[in-house]
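Reviewing the structure listed below.
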Amino acid sequence: MQDLVKGSRFEPLVKPAITREQLELYAEASGDKNPIHLDDDVAKKTGLPGVIAHGMLTMAFFGEFLHQALAAQGSGRVEELSCRFKAMAFPGDVITINGHVRTVDSTYVECDLEARNQKGDLTAIGHATLSVLTLT
Amino acid sequence: MMTQLHPTEPTATFTLKVPAAQASLFFDAVAWQLPARPPAPPTLATAFREGEFLAMQKLNASIERVLHGEQRYRFLKDLMPDTTYQGETYVNSHYEKSGKSGTMHFYVLQTNIKNSDGEKCVECFTTIIVRG
């Protein structure tokens with residue numbers, strides 16, 4: 001557990017490379033069966049280079065990252081989570097999630113999050129509000 | 001220019017229960033790598049987009065032309081698998097931008113997920129982009 005102050009960084013989360021099978025599983029689990037995530041031909045007909053990963057898959061990675069961060073602190077919950085999708089992610093991409101503390105008060109920790117692919121390109125940015133019971 | 005719609009009635013309502021097996025699949029789908037799994041995936045609220053998909057139909061947006069621009073959640077109570085919730089989806093605002101492939105329509109959809117006691121559990125704000 002670390003003392004959380006402005007600028008504190010959490011343990012990065014490096015995800016395995018995205019696979020097409022993963023996108024099929026995620027479509028089934030999330031209910032988002034948009035064919036641009038599943039069918040190359042449909043994706044290309046809409047002007048995309050091929051299937052793209054669900055944006056919400058990256059947001060799920062943000063959720064896992066925050067769960068890891070809260071586990072390290074020993075307690076707390078996510079009060080609010082937001083994500084803006086900046087660039088598409090594709091099968092084969094290795095996404096790394098990083099985050100740091102923007103502000104801390106007696107009740108809440110505000111965090112900035114980012115997702116980058118293996119080339120260092122920013123694919124999503126996010127923000128989370130955490131309530132952490134112990135801030136020492 | 002953004003048009004704020006101030007809806008008083010939902011565009012779509014729905015009832016949903018995510019089975020435990022689907023929640024477990026969700027963890028598998030995100031390649032959850034932490035040693036412990038919480039009772040529900042942190043972003044399980046994304047499985048409650050039925051109202052958004054109904055709203056897209058009413059907006060005549062073809063699903064394959066839709067991209068996800070932004071997402072925000074306010075978590076008031078934890079969502080749990082095997083629990084029935086009610087959803088209400090509103091179209092809050094609309095604006096347009098010109099892009100390389102034509103006009104893009106942005107819609108901000110709000111879905112309120114409530115439990116059987118009528119308590120709001122999650123507020124979901126989704127920005128979808130309908131490509132020209």
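Each chain gets a letter, A, B and so on, in the order its sequence line appears, and its residues count up from 1.
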Expected contact set for residues 46-53 of chain A against chain B at heavy-atom separation under 4.5 Å reads A/Thr46, A/Leu48, A/Ile52
request  = Report whether A/Ile95 and B/Leu34 are members of the same hydrophobic cluster (ILVMFWY, side-chain heavy atoms less than 4.5 Å apart, transitive linking).
outcome  = yes
| Does some side-chain heavy atom of A/Asn34 sit less than 4.5 Å from a side-chain heavy atom of B/Phe53? | no
Note: B/Val30 and A/Phe61 closest approach over all heavy atoms is O-CE2, 3.5 Å
| field | ILVMFWY network linking B/Met56 to B/Val108, side-chain heavy atoms under 4.5 angstrom | value | no
In terms of heavy-atom contacts, B/Glu64 and A/Pro35 come closest through CB-CG, 4.3 Å
When the 4.5 angstrom heavy-atom criterion is applied to A/Val42 and chain B, the contacting part is side chain
Worksheet item: So do A/Met88 and B/Leu67 actually touch side chain to side chain, heavy atoms under 4.5 Å?
Response: yes
Worksheet item: Does the side chain of B/Arg37 come within less than 4.5 Å of A/His67's, by heavy atoms?
Response: no
Taken to the nearest 0.5 Å, the spacing of A/Met56 CE from B/Thr126 OG1 works out to 7.5 Å
So CD1 of B/Ile63 and CG of A/Asp32: to nearest 0.5 Å the spacing works out to 6.0 Å
Between the CD atom in B/Glu70 and the SG atom in A/Cys83, the distance rounded to the nearest 0.5 Å is 8.5 Å
Rounded to the nearest 0.5 angstrom, the CD-CZ distance for A/Glu28 and B/Phe26 is 12.5 Å
Bottom line for A/Ile36: the part with an atom under 4.5 Å from chain B's heavy atoms is side chain
If you look only at distance, which donor and acceptor atoms sit under 3.5 Å apart when one is on a side chain in residues 74-82 of chain B and the other is two or more places apart or in another chain?
residue : atom : partner  : partner atom : Å
B/Arg74 : NH1  : B/Glu123 : OE1          : 2.9
B/Asp78 : OD1  : A/Arg77  : NH2          : 3.2
B/Asp82 : OD1  : B/Ala20  : N            : 3.1

Give a yes or no answer on whether the side chain of A/Gln22 reaches the backbone of B/Ala29 with a donor-acceptor pair at less than 3.5 Å.
yes
Without swapping roles, check the side chain of A/Glu64 against the backbone of B/Gln33 for a donor-acceptor pair under 3.5 Å.
yes
Q.
With a 4.5 Å cut-off on side-chain heavy-atom distances among I, L, V, M, F, W and Y, is there a chain of contacts connecting B/Leu25 to A/Tyr26?
A. no
Residue set satisfying salt bridge (Lys or Arg N to Asp or Glu O under 4.0 Å) with B/Arg65, at least two apart, ordered chain then number -> none
With heavy-atom distances below 4.5 Å as the criterion, would you say the side chains of B/Pro42 and A/Leu66 are in contact? no
query = If Ile, Leu, Val, Met, Phe, Trp and Tyr residues are connected whenever their side-chain heavy atoms lie under 4.5 Å apart, and connections chain through other members, are A/Leu23 and A/Met59 in the same group?
reply = yes
For A/Ala29 and B/Gln22 the tightest heavy-atom approach is O-NE2, 2.7 Å
Looking only at B/Ala23, B/Ala31, B/Ala21, most heavy-atom pairs under 4.5 Å shared with chain A are made by B/Ala31
Ring pair (Phe, Tyr, Trp, His ring centres under 6.0 Å) pairs touching residues 79-103 of chain A, sequence neighbours excluded, are A/Phe85-B/His68
